[in-house]
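These numbers come from a predicted model, not from an experiment. The chain is numbered in sequence order, starting from 1. Note that ligands are numbered from 1 as they come in the structure, with each ligand's atoms numbered from 1 the same way.
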Amino acid sequence: MTVIDSLPTRTDQQMNPAHIHPEKLTDAGASPTTTNPDVLTWVEEVAALTQPDYIHWCSGTQDEWSLLAEELVATGTLIPLNKNLRPGSFLARSHPNDVARVEDRTFISTERETDAGPTNNWVAPDEMRQTLKPLFSGSMRGRTMYVVPFSMGPVGGDISQLGIQLTDSPYAVLNMRIMTRMGQLAMDHITPGIEWVKTVHSVGAPLLNDADDVEWPCNDTKYICHFPETLEVWSFGSGYGGNALLSKKCFALRIATVMARKDGWLAEHMLLLKLTSPAGKVFHIAAAFPSACGKTNLAMLKPTLPGWNVETIGDDIAWLRPGTDGQLRAINPEAGFFGVAPGTGYDTNPVAMNSIWGNTIFTNVALTDDGDVWWEGMTKTPPAHAIDWQGNDWTPDSGRLAAHPNSRFTVPIKQCPTLAEEWNESDGVPIDAILFGGRRATNVPLVTESLDWKHGVFMGATVSSEKTAAQEGTVGELRRDPFGMLPFCGYNMADYWSHWLSMGELLGDKAPRIFQVNWFRKGDDGRFLWPGFGENTRVLEWVVRRVSGEVEGRAVSVGTVPAPGELNLEGMTIPERDLEELFTVDPELWLAECDLTEAYFAQFGDRIPTALREQLADLHERLERSAHE
Ligand code: OXD
Ligand code: MN
């Protein structure tokens with residue numbers, strides 16, 4: 001069943017001669033590129049509803065990309081950057097009301113509300129269909145509907161999945177070609193009877209009566225809708241990021257979590273990295289953090305410890321599945337980075353800076369006078385003049401940001417100078433350790449190993465960051481972001497935890513070890529206690545030495561932390577007091593946190609797995625004991 005049941009006919013459709021459409025594209029992509037009747041029927045149905053002037057079947061070639069880019073330059077959506085400074089690159093400026101994912105407009109439509117759970121916005125599928133139908137009806141008039149076939153993961157790979165995005169945004173098409181394996185090969189694999197995900201995207205801005213287009217068409221009404229039971233996404237009104245590149249958060253996380261639960265794998269908001277020791281021993285680490293906690297920086301870390309090497313596999317999403325040898329293996333389903341620009345600079349993330357030398361789409365950053373890009377944090381000295389992300393003159397003393405805080409670069413992963421050669425392996429890489437991290441000013445040590453898988457799942461389930469009040473000193477309200485998945489889990493979060501627990505049972509003694517990390521602990525004076533960035537290698541080193549059985553650790557009530565002397569601090573100076581504080585576990589503060597966790601769990605009612613309740617009770621007991629020691 002598709003989302004839209006009864007569809008208007010196309011008999012009243014007018015061709016819009018004013019619409020710019022490259023003839024070459026029409027020639028190349030006017031005819032269907034598949035004979036799969038499921039695809040043909042679906043494309044016809046969506047076209048009949050949305051009434052585009054043209055349908056373009058994307059081949060995924062470089063020529064097609066260049067033609068689309070040319071079209072977008074002609075309509076003013078893309079500004080070509082200086083070919084000498086940033087070859088093959090463009091700047092886009094979005095509408096000021098369309099600058100980020102819209103979580104309050106993001107919906108999970110399952111037949112039963114409880115299957116979406118208390119952390120998702122739920123609307124019944126029938127009701128959502130009735131809401132979407134008039135919005136999508138005629139929404140692509142005057143535009144081209146692009147048929148974008150793509151694979152998440154290597155095409156045909158064991159852990160990969162296929163999808164098609166129908167979109168009226170050529171900007172989204174260009175980004176999708178960077179972010180996914182997009183094109184004919186993917187379409188050839190979408191054969192009758194196989195599972196694939198249907199995604200439909202309209203910016204919701206039909207071009208009527210020869211009207212001129214705007215640079216960034218979008219609609220004030222936005223709906224990002226997921227139908228996990230029929231593997232569909234319908235997104236209306238936004239052209240930005242995760243709202244428009246439906247392969248990313250919508251498919252690779254929200255829909256994929258549901259597919260993964262059904263088929264015994266995991267779809268996670270995790271970076272993937274390869275770590276090689278000075279002795280040449282290789283480890284693979286998956287790490288889950290909430291948004292804006294530095295996943296890209298960790299994935300591209302420049303080690304400060306001599307002889308250690310970090311290579312990048314993914315910076316945002318990982319799909320993990322037990323291999324034939326029973327080990328958990330992971331792929332990065334994406335083929336590009338959609339990175340946050342502000343804060344990315346040669347001092348904080350030189351690898352990212354060296355990745356975006358060209359062939360990059362920048363969105364909502366500033367344009368310099370020499371035709372390059374700039375954002376806060378890119379260089380220590382700002383340019384004396386630039387055009388800001390809204391197209392206005394900007395100088396350092398203008399009192400405004402030059403780049404939007406959520407401005408982005410979209411770049412092919414192949415341009416990453418630290419890309420691991422295994423990044424494209426269809427059966428993924430074996431995972432040795434999983435890290436969970438939040439942004440905690442208090443309580444959570446720099447690194448703690450879980451006692452076992454169940455305790456590790458408890459650590460993941462309780463990932464959180466303090467709200468501002470607490471960052472000022474007291475343990476206050478915690479913003480929970482379990483597994484960094486709060487906005488991305490397509491089903492009931494408590495069931496997701498049960499799934500993680502059952503994966504632990506399946507993996508048995510082959511399960512990777514689980515650790516909690518926290519780069520963000522602060523002293524009483526509000527100072528970060530740990531320098532982070534490249535120095536985080538020291539934490540990774542301890543993690544893999546634990547995995548290899550080379551260090552004992554020290555048992556504390558919240559898990560196992562490095563014993564004195566185990567954290568390699570060679571070549572680094574850190575005050576003894578700061579080091580102590582980084583690992584302090586205050587039982588009273590932790591007991592208060594346990595009460596908050598109990599209240600948090602309560603919202604999931606009976607669905608909360610018994611094992612997690614037991615973990616909370618055990619932690620409570622260990623803390624009580626240590627409080628009385
Ligand atoms: C992202 C996010 O864009 O997590 O990756 O919001
Ligand atoms: Mn993310």
Open item on the list: Does either side chain, that of Asn406 or that of Arg408, offer a donor lying less than 3.5 Å from an acceptor on the other one?
Closed with: yes
Please confirm whether the ring centroid of Tyr496 lies under 6.0 Å from the ring centroid of Phe483.
yes
Check ligand 1 for N or O atoms under 3.5 Å from a protein N or O and list each pair with its distance.
| from | atom 1 | to | atom 2 | distance (Å) |
| --- | --- | --- | --- | --- |
| ligand 1 | 3 (O) | Arg408 | NH1 | 3.1 |
| ligand 1 | 3 (O) | Arg408 | NH2 | 2.9 |
| ligand 1 | 4 (O) | Lys249 | NZ | 3.1 |
| ligand 1 | 4 (O) | His269 | NE2 | 3.2 |
| ligand 1 | 4 (O) | Ser291 | OG | 2.5 |
| ligand 1 | 5 (O) | Lys249 | NZ | 2.9 |
| ligand 1 | 5 (O) | Asp316 | OD1 | 3.2 |
| ligand 1 | 5 (O) | Asp316 | OD2 | 3.3 |
| ligand 1 | 6 (O) | Arg101 | NE | 3.2 |
| ligand 1 | 6 (O) | Arg101 | NH2 | 2.8 |
| ligand 1 | 6 (O) | Ser291 | OG | 3.1 |

Using the ring centroid of each side chain, check whether Phe107 and Trp122 are separated by less than 6.0 Å.
no
task = Report the relative orientation of the aromatic rings in Tyr171 and Trp216; use parallel for angles under 30°, tilted for 30 to 60°, perpendicular for over 60°.
result = perpendicular
Met259 and Gln161 have their tightest heavy-atom pair at CE-OE1, 3.4 Å
- Query: Around atom CG of Asp263, are there more than 12 heavy atoms of other residues, nucleotides or ligands at under 6.0 Å?
  - Reply: yes
Protein N/O/S atoms closer than 2.8 Å to the Mn ion (ligand 2), ordered by chain and number, come to Lys249 NZ, His269 NE2, Asp316 OD1
- Query: Looking just at side-chain N and O atoms, do Arg105 and Thr221 make a donor-acceptor pair shorter than 3.5 Å?
  - Reply: no
**Asked** Should Ile79 and Phe90 count as side-chain neighbours, where that means a heavy-atom distance under 4.5 Å?
**Response** no
Review point. Ring centroid separation for Phe520 and Trp530, is it under 6.0 angstrom?
Key: no
